[in-house]
Structures are given as C-alpha cells and as structure tokens.
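Side chains included, hydrogens not; waters and symmetry mates left out as well; all remaining heavy atoms used. Order of listing sets the numbers, starting from 1, for every ligand and every atom in it. Position 1 is the first residue of the sequence, and the numbers go up from there.
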Amino acid sequence: MGGPAPISTACPYCGVGCGVSGTVGGERTVAVKGDAAHPANFGKLCSKGTALGSTVSLAGRLLVPEIHGRPASWDEATALVADTFARTIAEHGPDSVAFYVSGQILSEDYYAANKLMKGFIGSGNIDTNSRLCMASAVAAHKQAFGADLVPGCYEDLDLADLVVFSGHNAAWTHPVLFRRMEAARARGQRWIVIDPRRTDTAEGADLFLPLAPQTDVRLWNGLLAWLDARGAVDRAYVAAHVAGFDAVLAGLGAEDQSLEAIARDCGLAPETVAAFYDAFAESERTVSLFSMGANQSAQGVAKGLAVINAHLATGKIGKPGSAPFSITGQPNAMGGRETGGMATTLAAHMDFSPAERDRVARFWGAPAVAPAPGLKAVDMFEAIHAGRVKAVWVMATNPAVSLPNASRVREALAACPFVVVSEAVGVTDTMAFAHVKLPALAWGEKEGTVTNSERRISRQRALFPPPGEARADWRIIADVARAMGFGEAFPWASSADVFREYAALTAFENDGGRFLDIGELAGLSDAAYEALAPIQWPVRDGQGVARLFTDGRFQTPDGRARMVPVRPKGPAHAPNPAFPLSLNTGRVRDHWHTMTRTGLAPELCRHAPEPMVELHPDDARAFGIETGELAVVETAVGRAVVTAKVTDRQRPGGLFLPMHWTDSFAPQGRCNPLVEPHVDPTSGQPEFKHTPARVAPYGETWRGFLASREPRDAPAGLELVWRRTPYDGCQVHEFAGRGGAEEREAVAAALMAGAQGEVLALDDAARGTQRRAVIEGGKPERVLVMAVMGDLPARGWIADRFLDDALALADRVALLAGRSAATVDVGTMVCACMKVGSYAIDKAIAEGCATVDEVGKATFAGTNCGSCRPEIAAMLKAAQPADKESARHAA
Ligand code: SF4
C-alpha cells in the first residue's frame, strides 16, 4: 500500500520549463523531484526547483479579498473592480484603463485577461512583465520569420557542435539546460561566450569574448562580413529561402569590417574575434543562444536580428543542431506571447490588420476589438503617472520593484485613482499601492498550461486544494467580465474550457498560414486535458513539431525569411563625466525576480545573502572601495547602498548589481530605481544593461546584526543600511551606520524594545561591541550584536540555536560570544541543495581533490542539481598554482 501518488506538474521559475513530480505529504508539505518523463529536464532540477517544497507554506499568503485594507467578500470586490473599470471607461474611454500581467500566470489566465481587454473593453492596454525579458527577441522574430517563432528545440543543444552564448549566463539562469550542454560538451561540443562579465558560463568556455557594452551588433555584423569575404555564406540556401541578403551586405560596407577595426570597437583582441569567426564558419551545427544580455537593451532588436542574419546567411537554421535560439526568462513568457498578453499582439499570433481584427472579433463575438496596439510596460506606467490611465489591474507581478526608474513607478501607482492587484502573497512593494487586493492561487494550487522556451506546452497541476478564498486568475477575470456585462463571452467553468477555446482560436480560419496552430487540442475532453503530456506546438497529426523551418518555409507572404540591415549604435546615453561607469543589472544563481517565492526558502538565500555591487579591482582602487564594505551606487535617477564585491570577473569601467531585493529584504539595496527608462524603439524593452553610474564608499563606522524569530523593519528615525536574510527558524537582519556610540545605543534600545523574558548583555567599550540575547521559555527570541571594529561572529551557529528545543546552559553564554567553542563557520553557501559552504570545499581542495566530481565525493557539494558545479570548478581553478595552470594550458 503506497502513499499518495506523485503528481506531474511544471516548475514555476524559468523558461526551461522543467517537469516536476510532487508527492504531497501531511500538513501541506510536498516532496519534490524532477519528472524523469519530462522531455525538458529528464528528471533533473536546479537549486530553485529542488527547493520548491520550501515555498508552499501558507504563511504570508493573501487569502481573502481586501478593499482599502479591510477584508471583503468576493462579490463586493468583484463588483467594485467591474464598476470602477466600467465607469472609468465610460467617462474617459477604453484607453484610460490597463492590465499589467506576468509571465508567472498560466496561458489560460493570459487568454482570459487578453480577451477582456482587447475584445470587450476595446483597448490594447494589456502588457506583460515579459516586456522586460524578451520583447526584443519577439520583435526580431517577427521581422525575420514573419511571426514570433522560435526555430529550435532543446535537442538542438544536444546535437550542436558549437554553442554560442550571446549575453546568456546559462549556468545561473537556465541551469538544467546548462547541465544538458555540459553532457554534450563531454562529447566534444565547443562553447563560445560573448559577455561583458566573466560569468560561470564563461569560466567553462572554450573561448570567451569579454566585449565592451553595446558592441554586440558590431561583432555579429563583422561575422557576416567575414563569412561573405571567405565564401562561407550558403548561397544556395540564401537563394532559395532568404530575402534581403544583398541589402544587408551593402549596409555592412558603411563600416570598416577588418578584424582589427571590429576588435578595437568591441574592446577585444583581434585573434579572439578571429577565433570566434573561424569556429562559427567551420561548425556545421551551431546554436546561438541569446537571452537577457542581448534583449535588455535599447538596441535589443538589432542584436537579435544580427544573430539571426548570421544564421540565415549560412543556412544554420531549421536543421538538427542549428538555430538562432532565444531563451526566455519566465516560466510562461511564451504562453503570454502566444495568447496575446503583449500589447503589440492581438491574439494567437494575429496582429491588428483589418482582416485579423475582423477574424478575432468574429471568433470572440466581440463588439469592440482593440483598434491598435496598446501601451508597452514602460509607457503604460508613464501614462499612469501622467494621469491618462486612471485604473490599472496588476496581476502576479511587482512593477514597483522590477520596472526601470522604479521610484517613478511608485509615484505613478500612488497617484493612480484605482489600483487592483491580484496576488498570491500578502505583501509586495506594489501591493502597498493597491486599493483592491484579490487573492490568487499560487504554484501547487493552479491548474492550466505553460509554454517553455522550445514551444513545449506543459500542464501545471494542483497539488493542494485552493487555500482560503484564493481563486484562479482566469476565474477572477471572468467574474469581473461577467459583472461588466460580458457574461456570454466568459462562460468557462474550468481551465480546460479556457484552453479549448484558445486552442480553437489558433486554428480558426488558419489555412496553414499561421504556424501557431494547436487546433487539434481544441477537442480535448476534461480527462484528456488533465492527462495532457508535454507537447510542442504546432501540433500536427497528434504530434508536436520539434523544429521549425525544416522545409525552408517561413511565415512571410512569400515564404522567405528576411535578413534585416542593422547598424551598430552607440550607447543610449551620452558620455557623462559625473557618471563615468556603466551599470549592468541581472540575477544571482538562487533567486528569482523579486524574491516573493525564493525569499521563502532559506536554502536559496545563503549563496548571495545580500545585495552587492561587483566591480573590477582597478575601479575599486580608484574609488577607494574594498570587498565587504558598503558602497553607494548612484545614477542620474537613483541611489543604492550595497556590499562591495571586488572581482576581476567584471570589466574595468563596469558595475554589476542584481535586481532581486525589495523593500522588505533590503530597502536601500533595490536595483531598478537606478535604471533609466530608455527602451528599444521597436520592442519597448528597457535598457537594463547599461546605465551611466558612479560608485563611492558609504563610510560605515560600525556594523551589527539582529537574529529574531520574526522579520523586523529598521528602527524608525535612524539612518541605517538594513538587510534581511531568512534562515531556518529565524530572520537575520544585517545593518550598519555611520554614527557613534549614541547611535548604537539608540539602535539597541529600539531593537530590544518590548523584549519579554531574560535579557543577557555583554558590552566591551574598548572594542565598541554590544551584545544582547533575549531568552524566552528557554529559547532565544532575539540576539543582537554590534561592533565598531573586528569581525562580527558567524551568523549560522546563532541562527541554528533558534531551532533548538531548549538552550543548553553553555549555549546561553556562547550566544553572547557569537559561537560555541566547537563551532566553525561554513563560509559562503556554495551548494544550496546539500548545504555545503565554501570552507568545506576549500578544505577538500587543499586535501587533494582535483576535479568537481572528487570535491563532490568528499563533500557532497554539486551532487544534486549541479547548479554549483561551475562555481566549484572556478574554486578549483583559482586554487591551481600558476605553473600548474600554464602547464595544463600548454598540454
Ligand atoms: S532550470 Fe531550475 S528554475 Fe528553470 S525550470 Fe528547471 S528547475 Fe525550474
């Protein structure tokens, strides 16, 4: 007799779209492992997927609707949303309202929201946070292929001889795909990485091109000129299947395409550029991956087109192991692109031509299909700021953190007359501005579908019943639509009903001209929908199509792909001596977006526990900054205070800041208020990779930390830099100030206020240390440590005491000392899955482990998901003596 049967579902994090097998236990727990049958991951998961079981608690969830902060019934909240939107539309027109949605919602949710906005409200004003991730790739696909079509599939990554990573740190952002490519590499696949930062992906590459910011187009255009000059263009393929080749080639003549000139402009050595060009020309099977590093740019579309041009000119497309391949960030960014969640698409890969509007209007029975594309994300919040949009509904996203110039976004939301937020969690930075909060289902509760980066549709299935009064997003939207008087068009009783309607739309009056066609799934029974196995679109004869363009036919009127001339442009910003550095933003390995989910899993918070700025040693010297100290990063629009990390992985002149931290984790460490809202003129995707910036020491005079059972805000009225890191059993708050003893006294008084139980204290005036421990019921309730000089004790041992049933007498004293005599610090958490810190790995290497596998055998690090293997490899490399290293290279 077994326990509950495992349920197959999909990971809610990145665009790899791994299958997850969840076995539900008691008290709302789930044991998670990779779904061995899922073709995206064949049983593997990365650290984020592995830790999903730590994120399903109901703590901190929004479980009932709220109106102006008070609990409300669904009827009341639905009526208020419907009435306010209807009244706003009646008074100010359809374009006075907007939806801002998310790559976290399911395709069924997207379809419902899009149908309501574009079909029945009659505005194009629905856009998705995917605008921030891959809108440039979408625009490039449309121009080159006639529609937003991803040519390749993951199998191409197994089959390629050469993989080019263009602005794509796959080791951190798409770890399971990276594992797949590591296996191919063991069979002889070569890797070339093009990135201003020496990422973990670059560390393991055969060739690394640390190009200067914003020179990607120059580099890829140069490749095309080089291919042509050496007769490496596939003339037969171009003649049969491509238009625009001659115009593109003619455009290249406007610049010096010599290796020396390209190398100079890109900040590279000529031989490095030549090695890239040789490898591309010589490799029959080449995949060029491009992701946020290319897309998040004011010239993101040109970057995508430049990559695609090289593939079209050489016929490296539509063949096994060959494709230009845009990898999406979010779990269902692709679903949003397909259903119509972007302001620039009407629905199901149809746009706004009269014929397409008419077709969609007849299918929906819609009276007022949107006449034109709506506002893209950045423009949408500008319109809210300007008062043109007066009611906005934000679904499952956190624009107050994630959009550029996020402080201005907050001003916009604060001034907006009506803000609705549908959310699973109870507190986000955006929800502070909501007039109405609607409780939505979270991962593990939702039913529906997502599409991953290779066009594969997978089911997300519920592991738990809906908690409290939370509802599916599609249902919340349909209820509002009914309350607005559109009931006949929103009759669905289940996510299966919504999916069948969307599938039918893809096939409606589709004579093969639209590649997105899953019409065969429109007749799925409820049981067949429930059992739906992962399948790629288009679906033909019951099978998913793995690879597009295999017959050389594209979705253009003449069936030919388009090569589009693109010219390198300078940065969007004029040089500014006041801001001499270039700020690049991105992600860390174990966090996802604004931490609303990964912030619940302590094991994911230990690899990069606090916001930091990476800078090159030359810049650190020039600006007087050292690793571990606080640094102020400023741009023309914002300021952050973060911990400095000096590393030669960063280019001189560049800064890197991760985007995850929010008000509730690090109020001074938010990244996106620093980003100026420059966008690509076609895609509207913001430039997150290059903002003029400067850096300076913060000048803290003391530091401290507070471990407490509950999260705490910084004491009011004091100028402290404040960060919070969740641990098992407690929250550790790190802080620092620039004042003296008086400031520390005030901090101690504020943080000890209201303490119940026994208070232990130890002060050392000579060293400026103050330590307090509050013991309640035999357990620690708070531990406070502040110091002017010297290191603070390691947090791990103190945090672990919050898990003890009762403190031993010796541990009470040790709490004030900061550690027991028997305890050693584990260092930085390298392996989140097996909880192995850097010190254990250093020790294993010192004792003779020479490979990642040997370190794994000695410490278990890297033996589960493998996300930390590149970091262990880097530690091994760094530990190698220079003579051994050069001998290895010579060999
Ligand atoms: S690679 Fe990791 S985050 Fe991405 S889908 Fe797979 S398990 Fe989830």
Side-chain angles (χ1 to χ4, degrees), residues 8-22 30-56 102-104 106 130 133-134 153-154 157-158 165 168-183 199-201 289 291-292 325-335 442-444 446 449-461 463 534 586-601 603-605 607-608 660 831-833 862 864-871:
S8 294
T9 182
C11 175
Y13 289 116
C14 84
V16 177
C18 294
V20 169
S21 175
V30 59
V32 161
K33 61 180 188 172
D35 181 350
H38 198 290
N41 57 316
F42 298 110
K44 289 192 167 50
L45 292 177
C46 76
S47 53
K48 293 189 282 289
T50 301
L52 273 168
S54 303
T55 69
V56 296
S102 162
Q104 293 288 318
L106 307 185
S130 305
C133 306
M134 33 39 46
C153 58
Y154 294 166
L157 300 171
D158 306 331
F165 301 81
H168 182 203
N169 182 13
W172 280 19
T173 60
H174 299 92
V176 168
L177 277 190
F178 190 71
R179 297 282 89 72
R180 223 167 141 157
M181 289 182 277
E182 279 183 330
T199 60
D200 270 10
T201 308
L289 294 164
S291 192
M292 307 314 154
F325 203 157
S326 156
I327 295 288
T328 58
Q330 297 200 72
N332 200 31
M334 290 284 280
W443 180 83
K446 297 181 189 208
T449 55
V450 292
T451 309
N452 73 2
S453 293
E454 60 165 353
R455 293 172 279 103
R456 190 178 297 279
I457 298 166
S458 296
R459 281 293 320 273
Q460 262 199 24
R461 295 185 175 89
L463 306 169
R587 309 188 201 180
V588 299
R589 190 189 73 194
D590 290 345
H591 274 311
W592 179 255
H593 282 196
T594 61
M595 293 169 62
T596 51
R597 191 183 293 116
T598 53
L600 301 173
E603 60 267 46
L604 297 180
C605 297
H607 181 247
H660 309 285
C831 178
C833 301
N864 183 43
C865 78
S867 298
C868 60
R869 287 176 65 88
E871 189 164 338

Without swapping roles, check the side chain of S453 against the backbone of G15 for a donor-acceptor pair under 3.5 Å.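 Confirmed, S453 side chain pairs with G15 backbone.
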
Please determine which of V32, D35, T50 meets the side chain to side chain contact (heavy atoms under 4.5 Å, CB included) test together with V20.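 Looking at V32, D35, T50, the match for V20 under the side chain to side chain contact (heavy atoms under 4.5 Å, CB included) is V32.
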
Tell me how many protein N, O or S atoms are closer than 2.8 Å to atom 6 (Fe) of ligand 1.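 Of the protein's nitrogen, oxygen and sulfur atoms, 1 lie under 2.8 Å from atom 6 (Fe) of ligand 1.
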
For the residue pair H591 and H660, categorise the inter-ring angle as parallel (less than 30°), tilted (30 to 60°) or perpendicular (more than 60°).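 Rings of H591 and H660: tilted, as their planes differ by 30° to 60°.
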
Kindly write out the residues that satisfy side chain to side chain donor-acceptor pair (under 3.5 Å) with T9, not counting sequence neighbours, or none if the list is empty.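 Partners of T9 by the side chain to side chain donor-acceptor pair (under 3.5 Å) criterion come out as none, since no residue qualifies.
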
With sequence neighbours left out, what residues match R587 under salt bridge (Lys or Arg N to Asp or Glu O under 4.0 Å)?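 Not a single residue meets the salt bridge (Lys or Arg N to Asp or Glu O under 4.0 Å) criterion with R587.
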
All salt bridge (Lys or Arg N to Asp or Glu O under 4.0 Å) counterparts of D200, not counting sequence neighbours: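 Partners of D200 by the salt bridge (Lys or Arg N to Asp or Glu O under 4.0 Å) criterion, ordered by chain and then number, come out as R649.
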
